[in-house]
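This report concerns only the one structure given below.
All chains are named by letter (A, B, ...) in the order of the sequence lines, taking the proteins before the strands, and each is independently numbered beginning at 1.
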Protein chains: 2
Amino acid sequence: MGGRRHMTGTTPAVPSRSDAVRNRRLLLDAAAKTFAERGVEVSIGEIAQRAGVGKGTVFRHFSSKEELLAAIMLGMLDELVGTGTALLAEGDPGRALHAFMTAGVEIFVRDRAFCEVIGRPSLQNPQVRDAIDRLCDVAEALTARAREQGVVRPDVTGTDVALLLGGIQRTAESLLSAEPQAWRRYLELAFDGITTHTGRTLPHPPPRHLPLAAPAADHGR
Amino acid sequence: MGGRRHMTGTTPAVPSRSDAVRNRRLLLDAAAKTFAERGVEVSIGEIAQRAGVGKGTVFRHFSSKEELLAAIMLGMLDELVGTGTALLAEGDPGRALHAFMTAGVEIFVRDRAFCEVIGRPSLQNPQVRDAIDRLCDVAEALTARAREQGVVRPDVTGTDVALLLGGIQRTAESLLSAEPQAWRRYLELAFDGITTHTGRTLPHPPPRHLPLAAPAADHGR
DNA sequence: CCTCAAGGTGACCGAGCGGTCCGTTTCGCT
DNA sequence: AGCGAAACGGACCGCTCGGTCACCTTGAGG
């Protein structure tokens with residue numbers, strides 16, 4: 001997982017001095033928690049404070065806020081890809097797909113920054129995009145198995161499934177503080193939607209991949 | 001629509017001088033377009049520029065950015081409530097509910113600020129909350145009709161339907177720039193999910209209303 | 001045409017942000 | 001213990017934002 005002494009883009013992967021490794025760990029942990037609770041808008045200063053280090057130390061380890069964020073998002077994406085890959089060994093394709101979707105929505109529900117970053121290509125760095133591609137691939141593999149067995153309707157793709165994860169979280173979002181498990185309701189609803197056989201095919205052609213190459217012709221005014 | 005000469009909260013409803021009414025109109029139009037395209041984060045300065053007025057003029061008409069935003073959100077919510085109410089007269093309850101959901105998702109898709117504001121109670125003023133309550137009520141009325149006729153499964157509520165609107169938009173979000181109509185696919189998927197009869201009941205108790213009374217125990221650090 | 005209050009405006013303010021820099025501390029090696 | 005390099009920290013910079021204010025313009029009644 002990741003080259004040892006290659007530089008990970010712009011910042012040395014892992015420093016050698018003991019205080020530096022410890023602070024890097026503290027920093028990653030604090031950032032993960034803070035981003036999860038409060039979203040991408042939290043200030044670097046607050047993360048530093050929570051980690052018990054100075055603001056400058058943050059930028060010694062990560063050249064920018066975005067890089068710190070990407071490091072954390074990448075870890076979670078890889079974890080989910082791993083879960084999906086492991087589930088390809090599960091015998092029952094329907095159960096495997098359901099378990100994958102459960103794991104996916106759980107991440108969205110747990111982490112506010114994850115929700116905000118995924119699907120906003122304008123904010124994403126190349127590594128995150130690659131990880132999302134891999135996520136779509138494993139979702140497609142799981143979906144294909146279920147589709148061939150007739151568990152899911154024939155015109156549903158892995159990209160559909162990946163996109164639904166965020167949609168399910170969004171549906172449950174405003175209930176989450178009062179009903180932390182409400183998302184399971186909407187996961188089941190969506191799962192019934194993709195497994196029901198109406199005879200009709202869904203409107204609009206199914207998505208093959210995510211359009212991740214946003215030229216970001218943004219608010220350059 | 002709405003009281004004529006009542007003051008709308010904190011700012012005089014409609015001024016009397018001709019230039020003032022005209023500028024107010026320009027401002028509302030520019031703000032609606034800008035919020036729709038770019039979300040709540042756009043600066044007041046940009047809205048003013050787009051309306052062709054000075055920044056100070058914005059604050060003469062609306063005491064804060066949030067009030068301007070609320071005025072626009074309120075208009076759209078009321079419009080959707082009106083559409084839903086009208087659809088209660090439609091003969092076919094299933095078609096009526098489907099049409100209501102279509103109208104709802106269309107608004108979400110068209111307006112980025114709408115997506116960002118709805119369901120974030122921490123940002124909402126009382127009038128917007130009331131409008132959302134009314135929206136849930138009309139959604140419940142439409143859903144109840146469809147439920148009684150056996151069109152939708154028995155354990156689906158109007159609040160479920162209202163929440164799904166945002167979820168559907170979110171699902172289609174990253175496809176929207178390349179495939180502006182992709183949301184129809186996920187609307188159909190969700191509609192199939194609430195109309196299919198699996199025999200199983202959904203997990204988690206159905207939501208009765210939205211928990212709109214967020215005490216906002218926020219990042220007051 | 002005159003008057004004056006209502007309306008318009010942009011320089012300005014304070015707060016918060018990401019990111020930089022350099023004097024100071026600490027680690028690890030000899 | 002002594003030393004050089006690496007890491008630390010927080011004052012600091014430039015920028016943007018929402019919101020204010022004192023001065024100027026303009027509409028409309030007389």
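With respect to B:Arg129 and B:Asp133, no salt bridge is recorded, no charged nitrogen being found less than 4.0 Å from a carboxylate O. Using a 4.0 Å cut-off between charged nitrogen and carboxylate oxygen, B:Arg112 and B:Glu116 count as a salt-bridge pair. Under 4.0 Å is where a charged nitrogen must lie from a carboxylate oxygen, and between A:Glu46 and A:Arg38 at least one such pair does.
For the pair A:Gly45 and B:Gly52, nearest-nucleotide mapping onto DNA chain C gives the more 5' position to B:Gly52. Between B:Ile44 and B:Arg17, the residue anchored closer to the 5' end of DNA chain D is B:Ile44, taking for each the nucleotide with the nearest heavy atom. DNA chain D is contacted by both B:Ser18 and B:Ser43; B:Ser43 maps to the nucleotide lying nearer its 5′ end (nearest heavy atom per residue).
Heavy atoms of B:Val21 sit nowhere under 4.0 angstrom from any nucleic acid atom. If you check every strand for non-hydrogen atoms under 4.0 Å, B:Lys55 touches a base. Using a 4.0 Å heavy-atom distance criterion, A:Val53 is classed as a sugar-phosphate-only contact.
For DNA chain C, the outermost nucleotides in 5' to 3' order that have an atom under 4.0 Å from a heavy atom of chain A are C:dC17 to C:dG28. For DNA chain D, the contact window with chain A, defined by any atom under 4.0 Å from a protein heavy atom, covers D:dA5 to D:dG10 in 5' to 3' order.
Put simply, CD1 on B:Ile118 and CD on A:Glu173 are 12.0 Å apart, with the number rounded to the nearest 0.5 Å. Separating the CG atom in A:Leu97 from the OG1 atom in A:Thr143 is a distance of 5.0 Å, to the nearest 0.5 Å.
Side chain of A:Thr171 to main chain of B:Leu164: no donor-acceptor pair is present (N/O by atom type, distance under 3.5 Å, no hydrogens or angles). Here the side chain of A:Arg185 pairs a donor or acceptor atom with the backbone of B:His204 at under 3.5 angstrom.
Using a 4.5 Å heavy-atom threshold, the side chains of A:Asp160 and A:Thr157 count as touching.
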